[in-house]
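As structure tokens, the structure follows; a few thoughts come after it.
Throughout, residue positions are numbered sequentially from 1 according to the sequence presented.
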Amino acid sequence: MKRSEYTIEIIINDFEKPESVFSYTYSNVNIHIELSKDSGRIFYRLKDLQLKDLQTEEKNNEPFHFSVKDGKYRDVFHKFYLLHLLKYSYSLEVTDVIRRISDASQNKLYDKKIPCQIEFLPSLIRPKEKLNIHQNLKSDKVLEKILNLKKSDDGSTHLLAALSAYLIAKSKRFEIEKFIFLWMSINGLYGELNRRNKEHEKKEGKKNGKNRDSEAKQISDFLDFYDLRKDVVNENKVETVIKEFSKYLKSLDSKQLEKDFNYKEFDSGNYKEIKEQIQKFLSNHEITGLHEYGFLLLKFPYKFRCNSIHSNKPVPLFSFKDEGNLGAFRLINKVLEDFLDNHLAEWFDENFKGYSLVNNENKF
């Protein structure tokens with residue numbers, strides 16, 4: 001006996017025509033997502049459908065009449081929201097949802113509109129909040145890759161962590177909050193590099209070094225990956241430079257740390273003087289194996305985080321514009337955000353093998 005096929009549609013807001021269409025597979029079910037600026041549609045087909053479950057949902061008055069225990073629903077809504085956020089740079093506000101089920105002859109077996117009296121899927125990013133998301137993350141190639149990431153995959157965990165932290169950072173107004181999430185994002189990337197390194201060593205039959213998982217080792221590997229470290233550096237000397245550089249930043253006028261940062265203009269742009277000062281500090285302590293940008297991108301933020309945001313370091317609830325370490329956080333945030341804007345997307349490319357930021361070219 002031939003089994004019936006059912007089409008399940010979830011229509012979000014007053015959807016009319018798609019501007020973008022995406023598809024992916026979840027548990028052998030092909031799921032389609034259609035997006036427009038303020039609405040969307042999700043649909044897929046099932047061979048088996050227990051219609052009595054709908055009556056149970058109605059009877060129990062479950063919110064929105066969706067079986068959120070079903071992993072498929074959870075997955076598709078998370079991805080729908082994420083794709084919309086990346087494509088349009090703001091979090092969608094859902095005002096109503098239609099759930100429609102039709103049989104093979106297009107007879108509607110279920111068709112119900114549910115007004116959303118509360119936020120449909122609570123988010124750390126407020127609905128309709130406009131974010132400055134870089135164009136690199138909006139390409140269909142990147143979005144398709146993101147769509148097909150699975151939380152169960154080791155590689156996906158770090159990349160999804162890096163992406164979500166990056167997006168939350170974009171929504172933050174205060175420097176310390178912004179720093180926490182930008183650092184989480186960069187942490188996700190060097191964590192992913194460490195995973196790939198261990199996977200490669202395993203294939204080569206090598207034993208993982210006992211310090212492989214230390215954060216300091218992961219940061220050094222990340223600097224090597226982008227050609228920002230020539231050889232092993234004395235960490236005690238670097239720590240001294242960090243203290244000197246922190247003191248130097250406090251002496252600067254706050255306006256100097258509010259200018260836009262662009263790594264490609266590091267030699268001649270807004271932060272030329274700061275680069276020269278880092279160069280001077282490194283040279284004074286005979287540190288020759290570390291690029292100035294590598295110091296500013298990872299070495300300085302890592303130690304600064306350890307010294308400023310820790311269990312025994314109270315986060316300032318109130319602070320004046322130029323108080324304490326805010327100038328340093330402001331600079332670090334500009335550097336981290338510039339890097340992630342330009343390089344986060346490349347980690348979603350399976351063929352990405354490394355990039356020399358020194359020579360501005362692919363390493364392989």
Side-chain angles (χ1 to χ4, degrees), residues 5-47 49 64 66-68 70-114 116 120-121 123 125 127-131 133-153 156 159-160 163-164 166-167 170 344-351:
E5 186 174 76
Y6 300 91
T7 300
I8 289 82
E9 291 179 89
I10 301 165
I11 301 165
I12 296 154
N13 298 342
D14 296 322
F15 179 76
E16 292 183 358
K17 190 169 85 172
E19 295 176 2
S20 301
V21 179
F22 300 93
S23 300
Y24 76 106
T25 302
Y26 183 95
S27 295
N28 297 319
V29 175
N30 294 322
I31 298 176
H32 308 276
I33 295 175
E34 299 180 339
L35 295 177
S36 65
K37 193 172 181 181
D38 293 306
S39 61
R41 183 172 82 116
I42 298 162
F43 69 96
Y44 53 91
R45 293 181 175 86
L46 293 177
K47 294 288 185 184
L49 183 65
F64 316 116
F66 290 112
S67 179
V68 293
D70 183 346
K72 185 164 58 272
Y73 280 127
R74 288 177 177 268
D75 189 73
V76 73
F77 275 116
H78 278 287
K79 287 179 175 175
F80 173 85
Y81 269 75
L82 180 58
L83 289 178
H84 187 280
L85 177 59
L86 290 169
K87 194 74 178 176
Y88 296 104
S89 297
Y90 68 89
S91 188
L92 180 65
E93 181 178 36
V94 176
T95 55
D96 58 66
V97 177
I98 295 173
R99 188 188 195 188
R100 184 176 294 153
I101 299 176
S102 308
D103 62 18
S105 301
Q106 299 301 308
N107 296 313
K108 292 179 184 176
L109 306 177
Y110 186 90
D111 192 356
K112 188 168 182 68
K113 184 173 184 177
I114 309 107
C116 297
F120 183 68
L121 184 63
S123 169
I125 299 171
K128 293 193 173 180
E129 182 176 5
K130 192 75 175 177
L131 304 184
I133 299 172
H134 200 276
Q135 288 298 318
N136 287 347
L137 286 163
K138 295 177 181 288
S139 74
D140 285 348
K141 183 177 180 181
V142 171
L143 294 179
E144 287 285 355
K145 175 64 177 176
I146 291 170
L147 187 63
N148 285 284
L149 289 176
K150 294 180 175 59
K151 290 183 180 180
S152 57
D153 294 345
S156 299
L159 294 181
L160 287 172
L163 177 63
S164 60
Y166 166 84
L167 293 171
K170 289 287 187 179
L344 176 56
E346 64 200 12
W347 285 85
F348 292 91
D349 183 350
E350 294 175 358
N351 298 317

Taking the side chain from K17 and the backbone from S36, do they hold a donor-acceptor pair closer than 3.5 Å?
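No, K17 side chain to S36 backbone: no donor-acceptor pair under 3.5 Å.
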Would the distance check show the side chain of D349 and the main-chain N or O of N351 forming a donor-acceptor pair, the cut-off being under 3.5 Å?
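Judged by distance alone, yes, a pair lies under 3.5 Å.
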Is there side-chain contact between N136 and L344, with at least one heavy-atom pair below 4.5 Å?
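No, their side chains stay 4.5 Å or more apart.
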Side-chain touch L163/L86, heavy atoms, less than 4.5 angstrom
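SC-SC contact between L163 and L86 confirmed.
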Supply the atom-to-atom distance [X] [atom1] to [Y] [atom2], rounded to the nearest 0.5 angstrom.
| X | Y | atom1 | atom2 | result |
| --- | --- | --- | --- | --- |
| E129 | L85 | CD | CG | 9.5 Å |
| F15 | L35 | CZ | CG | 8.0 Å |
| Y44 | I33 | OH | CD1 | 11.5 Å |
| Y26 | I31 | OH | CD1 | 8.0 Å |
| I12 | F80 | CD1 | CZ | 3.5 Å |
| E9 | R45 | CD | CZ | 9.0 Å |

Tell me every residue that passes salt bridge (charged side-chain N to carboxylate O under 4.0 Å, His left out) with D14, counting only those two or more places apart in sequence or in another chain.
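Salt bridge (charged side-chain N to carboxylate O under 4.0 Å, His left out) list for D14, sorted by chain: empty.
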Applying salt bridge (charged side-chain N to carboxylate O under 4.0 Å, His left out), can you list everything that pairs with K128, at least two apart in sequence or on another chain?
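Here the qualifying residues are E93.
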Could you give me the CA-CA distance, side-chain angles and deciding distance for Y88 and D38, then say whether side chain to side chain contact (heavy atoms under 4.5 Å, CB included) is met?
CA-CA 9 Å; Y88 296 104; D38 293 306; over 6 Å; no
Heavy-atom pair of closest approach, residues [X] and [Y]:
| X | Y | answer |
| --- | --- | --- |
| V29 | L46 | CG2-CD2, 3.9 Å |
| V76 | Y24 | CA-OH, 3.3 Å |
| V94 | Y81 | CG2-OH, 2.9 Å |
| S156 | L149 | OG-CD2, 3.3 Å |

S89: what forms a side chain to side chain contact (heavy atoms under 4.5 Å, CB included) with it, not counting sequence neighbours?
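With sequence neighbours excluded, S89 shows a side chain to side chain contact (heavy atoms under 4.5 Å, CB included) to K130, I133, K138, given in chain and number order.
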Ring geometry between H32 and F43 (parallel below 30°, tilted from 30 to 60°, perpendicular above 60°):
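Parallel.
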Kindly write out the residues that satisfy side chain to side chain donor-acceptor pair (under 3.5 Å) with S139, not counting sequence neighbours, or none if the list is empty.
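S139 satisfies side chain to side chain donor-acceptor pair (under 3.5 Å) with no residue once adjacent residues are dropped.
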Residues in side chain to side chain donor-acceptor pair (under 3.5 Å) with T25, at least two apart?
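T25 satisfies side chain to side chain donor-acceptor pair (under 3.5 Å) with N30 once adjacent residues are dropped.
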Run the side-chain donor-acceptor check on residues 140-147: report pairs under 3.5 Å with partners two or more places apart or on a different chain.
{"residue": "D140", "atom": "OD1", "partner": "K87", "partner atom": "NZ", "Å": "3.3"}
{"residue": "K145", "atom": "NZ", "partner": "E350", "partner atom": "OE2", "Å": "3.0"}

